[in-house]
Amino acid sequence: MPRVKQICCIGAGYVGGPTCAVIALKCPHIRVTIVDLNQARIDAWNSPDFNLPIYEPGLEDVVRQARGRNLFFSTDVDKGIRDADLIFVSVNTPTKKSGVGAGFAADLNYVELATRRIAATATSSKIVVEKSTVPCRTAESMRTILDANSKPNARFDILSNPEFLAEGTAIDDLFAPDRVLIGSLQTQEGKEACAALSEVYQNWVPKERILTVGLWSSELSKLAANAMLAQRISSVNALSAICEATGANIAEVAHSIGQDSRIGPKFLRASVGFGGSCFQKDILNLVYLSESLNLKEVAEYWKQVVTMNEYQKRRFSKRVVDTLFNTITGKRIAVLGFAFKADTGDTRESAAITLIRDFQQERALVNIYDPQVESNQIWADLNEASPDVPLETIQRQVSICSSALEACKNAEAVVIATEWAEFKTIDWQAVYASMNKPAFVFDGRLLVDADRLRSIGFKVTVIGRGERL
Ligand SMILES: NC(=O)c1ccc[n+]([C@@H]2O[C@H](COP(=O)([O-])OP(=O)(O)OC[C@H]3O[C@@H](n4cnc5c(N)ncnc54)[C@H](O)[C@@H]3O)[C@@H](O)[C@H]2O)c1
Ligand SMILES: O=c1ccn([C@@H]2O[C@H](COP(=O)(O)OP(=O)(O)O[C@H]3O[C@H](CO)[C@@H](O)[C@H](O)[C@H]3O)[C@@H](O)[C@H]2O)c(=O)[nH]1
């Protein structure tokens, strides 16, 4: 069995960076080089003061221990490829914006370019590992590209090794994964390549947690896992609408059903809608796959998970407008949280973006506070969400604040869009004193103690709870 000595990871993003930093930490005998075309990103990974390009609890500590020892970040993609025995392809696979499958299919352009680069550069045999989330049978396309363009003496084994980390808990997830999944062709060479990658993980992951399956099962399992997780959230959010209409309480309902060991308690938190770079993209990818396979009913089934999520966001912003006497024109709304979930600075598909766009369209004034997201990211997201509105117009309507208290000053309403822990310890008494009256709180994350806030004087609306202002 070949022992892996040098690893190259193409793509220094949210997955490639933390994943391969942890491999370097746990495998001091392996030299790990993470490469990217984006110079600014690599510079940030290499920054002397560890001002890393992504915020992830525990990540800095991992990078501090391994960087310069056996962990390196570089823009020299070709050298990284040439030196490695095993190459992770961890590039982005966004939803296609135009052409066939636009709005649904995964854009595999980055995967293809990375694959072509491997074929053009490699002068010896390599194990090529799909780390990116890709449609079922992408490994076959990669094989065709590699075989057609490879140099003499270079042969390639392709593995699928999807990543299941969640942002905000990436380092914990990587240290103790529920499972590591490796898919390979069931040939002698395929099994040997699988064993080589498994050996890398066995440096810290118990062997029984490393699952080895066929290539296509591995690729599909990644899409399936995200679809099932997102489906749980859309199910609980659909129930939250029934709760609001009937006076039931979604937190109590979720707790009650979660006690059934067949259902389990996790991932049943009603919210203003799921966000993040993966759920929507991967479900739409599954929808497209189903449609391509002529499985219309299957496609419709999964599409409904995304439809329900859009409905949840719209429903929430409408509830804000309805409660504020059917108009928010000229009223100041404080939005607490802009990231798609707590403990990350990532804003991709964040529900907050949709809510703020809705508030802008109602001509409200919006104050935003998020503990991690940078101002230029917020402006870029709002600009993209309203392409017909000039940025200067948006900036006249929206302000970015440096604390929750500042954001709430003179506001009519506070909207909690992200479940940051610090929002639990806000001095609500001080917030109340600084707001216009009546002062409204809309909790989209089941975060606040509604009764306590009501005793201060707030009118409180909580997702999944009937009207009891
Ligand atoms: N973000 C997550 O939490 C998460 C979790 C599991 C799986 N995934 C999947 O992992 C993949 C990567 O996601 P991400 O969030 O890390 O994306 P990302 O956009 O943060 O990072 C991708 C990086 O790849 C680089 N890149 C693109 N093409 C390249 C090329 N040809 N050569 C060198 N570098 C190149 C880009 O510059 C970028 O820095 C996606 O398929 C995603 O679906 C993401
Ligand atoms: O009960 C819940 C749990 C999550 N969310 C929301 O769902 C979204 C996604 O959250 P989470 O899954 O924790 O974060 P991601 O980083 O998007 O991770 C998902 O997507 C990754 C990319 O594919 C996978 O690797 C992970 O396993 C999968 O959890 C966020 O907006 C959360 O606020 C809820 O609304 N209610």
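The residues of the chain are indexed from 1 along the displayed sequence. Since the model is a prediction, treat every value here as computed from it, not as a measurement.
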Does the distance from a Lys or Arg side-chain N to an Asp or Glu carboxylate O, for Glu362 and Lys331, drop under 4.0 Å? no
To the nearest 0.5 angstrom, please state how far the OG atom of Ser98 sits from the NZ atom of Lys96. 7.0 Å
Search all heavy atoms of Arg454 against all heavy atoms of Val460 and return the closest pair with its distance. NH2-O, 3.1 Å
With sequence neighbours left out, what residues match Leu293 under side-chain contact (heavy atoms from CB on, under 4.5 Å)? Leu289, Leu295
Report the C-alpha distance between Arg314 and Thr354 in whole Å, list the side-chain angles of each, state the deciding distance to 0.1 Å, and finish with yes or no for side-chain hydrogen bond (donor to acceptor under 3.5 Å, both in side chains). CA-CA 8 Å; Arg314 263 201 334 271; Thr354 312; over 6 Å; no
Short side-chain donor-acceptor distance under 3.5 Å, Tyr301 and Gln231: yes
So how far is it from Cys136 SG to Glu219 CD, rounded to the nearest 0.5 Å? 5.5 Å
Going by heavy atoms in the side chains, are Phe274 and Gln312 under 4.5 Å from each other? no
Go through it in stages, so that I can follow the logic: the residues are Thr93 and Val111, the test is side-chain contact (heavy atoms from CB on, under 4.5 Å), and I'd like the CA-CA distance, side-chain angles, deciding distance and then a yes or no. CA-CA 7 Å; Thr93 50; Val111 172; 3.6 Å; yes
Is there a side-chain contact between Thr75 and Val35 in this structure, where contact means two heavy atoms from C-beta onward sitting under 4.5 Å apart? no
Residues in side-chain contact (heavy atoms from CB on, under 4.5 Å) with Ala106, at least two apart? Leu108, Pro135, Asn285
Find out whether the Lys NZ or Arg CZ of Arg179 is both under 6.0 angstrom from the six-membered ring centre of Phe164 and within 45° of the ring's axis. yes
Less than 4.5 Å apart, any side-chain heavy atom of Ile54 and any of Arg41? yes
How many angstroms lie between atom OG of Ser217 and atom CG of Leu181, to the nearest 0.5 angstrom? 8.5 Å
Any donor-acceptor pair under 3.5 Å from Glu163 side chain to Leu165 backbone: yes
For Glu374, does the CD atom have more than 12 heavy-atom neighbours from other residues, nucleotides or ligands under 6.0 Å away? no
Could you tell me whether Lys313 and Glu310 make a salt bridge, using a distance below 4.0 angstrom between a side-chain N and a carboxylate O? yes
Does atom OH of Tyr55 have more than 12 heavy-atom neighbours from other groups under 6.0 Å away? yes
Hey, what's the ring geometry for Phe316 with Phe442, parallel, tilted or perpendicular (30° and 60° as the breaks)? perpendicular
Using a 6.0 Å cut-off, check whether atom CZ of Arg64 has over 12 heavy atoms from anything other than its own residue. yes
Roughly how far apart are Leu284 CG and Leu223 CG, rounded to 0.5 Å? 11.0 Å
Any side-chain heavy atom of Glu60 within less than 4.5 Å of one from Leu52? yes
Within a strict 4.5 Å, meaning less than it, do heavy atoms of the Thr418 and Phe340 side chains meet? no
Flag the pair Arg396 and Glu392 as a salt bridge only when some basic side-chain nitrogen lies within less than 4.0 angstrom of an acidic carboxylate oxygen. no
Does the Lys NZ or Arg CZ of Arg137 fall within the cation-pi geometry relative to Trp216 - under 6.0 Å from the ring centre and within 45° of the axis? yes
Using the six-membered ring of Tyr432, assess whether NZ or CZ of Lys437 lies under 6.0 Å from its centre and within 45 degrees of the ring axis. yes
When rounded to the nearest 0.5 angstrom, what distance separates OG1 in Thr115 from CD in Glu112? 7.0 Å
For Ser234 and Asn309, run side-chain hydrogen bond (donor to acceptor under 3.5 Å, both in side chains): C-alpha distance rounded to whole Å, both residues' side-chain angles, the deciding distance at 0.1 Å, then the answer. CA-CA 6 Å; Ser234 276; Asn309 198 47; 4.9 Å; no
Within a reach of under 6.0 Å around NZ of Lys26, are more than 12 heavy atoms found that belong to other residues, nucleotides or ligands? yes
Are Glu419 and Lys424 ion-paired here, with the side-chain N under 4.0 Å from a carboxylate O? no
Side-chain H-bond candidate by donor/acceptor type, Ser317 with Arg357, under 3.5 Å: no
Does the pair Asp443 and Ile463 meet the rule for a side-chain contact (heavy atoms from CB on, under 4.5 Å), with working shown? CA-CA 6 Å; Asp443 183 359; Ile463 195 98; 5.9 Å; no
Please confirm whether the backbone N or O of Ser402 pairs with a side-chain atom of Glu406, one donor and one acceptor, at under 3.5 Å? yes
Worked check of side-chain hydrogen bond (donor to acceptor under 3.5 Å, both in side chains) between Asp370 and Trp420: CA-CA 9 Å; Asp370 187 283; Trp420 283 102; 3.0 Å; yes
Are Arg209 and Tyr201 in a cation-pi contact, defined as NZ or CZ under 6.0 Å from the six-membered ring centre and within 45° of the axis? no
In this structure, is the centre-to-centre distance between the rings of Phe458 and Phe440 below 6.0 Å? no
Apply the test side-chain contact (heavy atoms from CB on, under 4.5 Å) to residues Asp343 and Thr169: give CA-CA distance (whole Å), side-chain angles for both, the deciding distance (0.1 Å), then the verdict. CA-CA 8 Å; Asp343 291 326; Thr169 53; over 6 Å; no
Side chains of Val287 and Gln304, heavy atoms from C-beta outward: is any pair under 4.5 Å? no
Test item: Glu130 and Leu159 side chains (from C-beta on) under 4.5 Å apart, heavy atoms: no
Can you measure from CD1 (Ile7) to OG1 (Thr19) and round to the nearest 0.5 angstrom? 11.0 Å
Donor-acceptor contact below 3.5 Å, side chain Glu56 vs main chain Thr344: no
Here the pair of heavy atoms bringing Val15 nearest to Ser90 is CG1-OG, 3.5 Å
Side chain of Thr327, backbone of Thr329: donor and acceptor closer than 3.5 Å? yes
Verify, without hydrogens or angle tests, whether Asn92 (side chain) and Pro94 (backbone) share a donor-acceptor contact under 3.5 angstrom. no
Report the C-alpha separation of Arg67 and Asn46 in whole Å, then their side-chain angles, then the decisive distance to 0.1 Å, and conclude whether the side-chain contact (heavy atoms from CB on, under 4.5 Å) test is met. CA-CA 8 Å; Arg67 197 177 77 185; Asn46 280 326; 4.2 Å; yes
Heavy atoms, side chains only, cut-off 4.5 Å: are Ile378 and Thr347 in contact? no
For a quick test of reading the model, state the closest non-hydrogen atom pair linking Asp173 to Ala166 and the distance between them. OD2-N, 2.9 Å
So, does Thr323 use its side chain to make a donor-acceptor pair with the main chain of Arg319 at under 3.5 Å? yes
Locate the shortest heavy-atom distance separating Ala334 from Ala407; write the atom from each residue and the value. CB-O, 3.3 Å
More than 12 heavy atoms from other groups under 6.0 Å of NZ on Lys266: no
Taking all atoms of both residues into account, what is the closest heavy-atom pair of Ile233 and Ser271, and its distance? CG2-OG, 4.2 Å
Closest approach of Leu324 to Ala413 (non-hydrogen atoms, all atoms of both residues): CD1-CB, 3.9 Å
